[in-house]
Every structure is written in structure tokens, then in C-alpha cells.
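In what follows, a single structure is set out as C-alpha cells and then discussed.
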Amino acid sequence: IVELAVPEISEGVQSFEAASLRIQEVFAAAAVPESVAAEIKEAYAALGGSLPLAVRSSANAEDLPGLSFAGQHSSFLNVKGADEVVAATKACWASLWSAQALAYRHQNGVDHGAVAMAVVAQQMIPSDVSGILFTSNPATGERSEVIINSSFGLGEAVVSGTVTPDTFVVD
């Protein structure tokens, strides 16, 4: 995959669109290894096998000093069914290779070969207000401050930047 992650230059403009499409074709053609799919299905069954889940990507290069990949990798909400959880997991892995993520890593000198993707599946809960907690201030790096961004509805609106959240700084 890393060998495919090469930009094309057309009329002086660099693009990772074609590279991302080639990589997405690799993911589309490949099955999730049966042992991995079985573990995902077993874990889902242990939760009751019918709960809606949030299937979220978590890349190792997401929160580097001075860089933020927030919203660049896929997350899926209200995923129900074992096969659907496996498919959403695969889609999260593939999102590590979106044109946007490739370009951002390239621009910021992050080695494509050094990135990895974990996937976290969490039970969805009905919420009136959701948010994100940062254990240190992402804007200043201050470790004595906790930052909470919140908004009405699902936290995905905060993560994706579709709302301007309420922000709380706690010392």
C-alpha cells in the first residue's frame, strides 16, 4: 500500500486522489481475515449482538505535536449487525488512505509507512448533549488544563467540525 501512496502532479498541482483510489481498490478486493472477523463478531455477540455501535478510527499519528488529523479518518454511527461491524471496521482501516489523509501526512512529513489504524467499537447511547475531552490543551500543549468541547446531539458533530462547540477549560 505504501508503494501506491505516491502523489501525481498535474499542471503544477499535487494530488493524492488517484493514489487513494488505487489503495481503496486494494481494500475493496481484500476480505477481512477470517480470524479477525470471527473475533469482531464474537465481541459483538458478547454485547448482545443487536446493540447499535459507534465504530471509530484511531490512528497512531492523529494527535502529534502541532498536527491534528481530526475528522480525516472515518467513523460510523449506529452500526447494527455483526457483518456490518466487520464492514465498518474495514472501512475505518481504509480511511487511513483517503486522499485527504495522504496529502496531510505528505505535507507534514509524516511517513506513510509509519502509520497504523486501530478501530474502537463503542455502544451508542442516546444523548441530548455530547462532547470530546482532551486530557491536555491541544492548542497550547498545557498539561494542567483539560479541555471539553460539547454540543447538543451526537459528538460526531463536534468531531467533524459541523458545529461550533461550547468549550470549557478546566485547570
Discussion item. One pair to check against side chain to side chain contact (heavy atoms under 4.5 Å, CB included): T167 and I148. What are the steps and the verdict?
Written reply: CA-CA 6 Å; T167 299; I148 302 166; over 6 Å; no
Item to complete: Run the numbers on V146 and T135 for side chain to side chain contact (heavy atoms under 4.5 Å, CB included), then give the verdict.
Response: CA-CA 5 Å; V146 172; T135 57; 5.6 Å; no
Worksheet item: How far apart are the C-alpha atoms of V36 and T89, what are their side-chain angles, what is the distance that settles it, and do they pass the side chain to side chain contact (heavy atoms under 4.5 Å, CB included) test?
Response: CA-CA 10 Å; V36 175; T89 299; 6.0 Å; no
Discussion item. Evaluate D166 against N149 for side chain to side chain contact (heavy atoms under 4.5 Å, CB included), listing each step before the verdict.
Written reply: CA-CA 6 Å; D166 293 324; N149 293 140; over 6 Å; no
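Using modelled atom types and a 3.5 Å distance limit, the side chains of N137 and E145 yield a donor-acceptor pair. Using a 3.5 Å distance cut-off with no hydrogens or angles, the side chains of S15 and E17 do not pair a donor with an acceptor.
Here the shortest heavy-atom pairing between G153 and S130 reads O-OG, 2.7 Å. Across every non-hydrogen atom of V163 and P165, the tightest pair is O-CD, 3.3 Å. Taking both residues in full, the closest heavy atoms of Q24 and S98 are given as NE2-N, 4.1 Å, listed atom of the first, atom of the second, then distance. Heavy-atom minimum distance, A101 versus S95: CB-O, 4.1 Å.
In terms of the salt bridge (Lys or Arg N to Asp or Glu O under 4.0 Å) criterion, residue partners of D83 (sequence neighbours excluded) are, by chain and number, K41.
Formation of a donor-acceptor pair under 3.5 Å by the T162 side chain with backbone atoms of A157 is found in this model.
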Which atom pairs, donor and acceptor, lie under 3.5 Å between side-chain atoms of residues 75-82 and protein residues at least two apart or in another chain?
none

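Residues V86 and L47 are members of one and the same hydrophobic cluster, defined by side-chain heavy-atom contacts under 4.5 angstrom among Ile, Leu, Val, Met, Phe, Trp and Tyr. Under the 4.5 Å side-chain heavy-atom criterion for Ile, Leu, Val, Met, Phe, Trp and Tyr, F168 and I132 are members of distinct hydrophobic clusters. There is no path of hydrophobic side-chain contacts, each under 4.5 Å, that joins L21 to L102. Connection of V158 to V129 is not established within any shared hydrophobic cluster, with ILVMFWY side chains joined at heavy-atom distances below 4.5 Å, either directly or through further cluster members. Note on V110 and V6: separate hydrophobic clusters, where clusters join Ile, Leu, Val, Met, Phe, Trp and Tyr whose side-chain heavy atoms are under 4.5 Å apart, directly or indirectly.
Cation-pi geometry between R22 and W97 is not met at under 6.0 angstrom from the ring centre and within 45 degrees of the axis.
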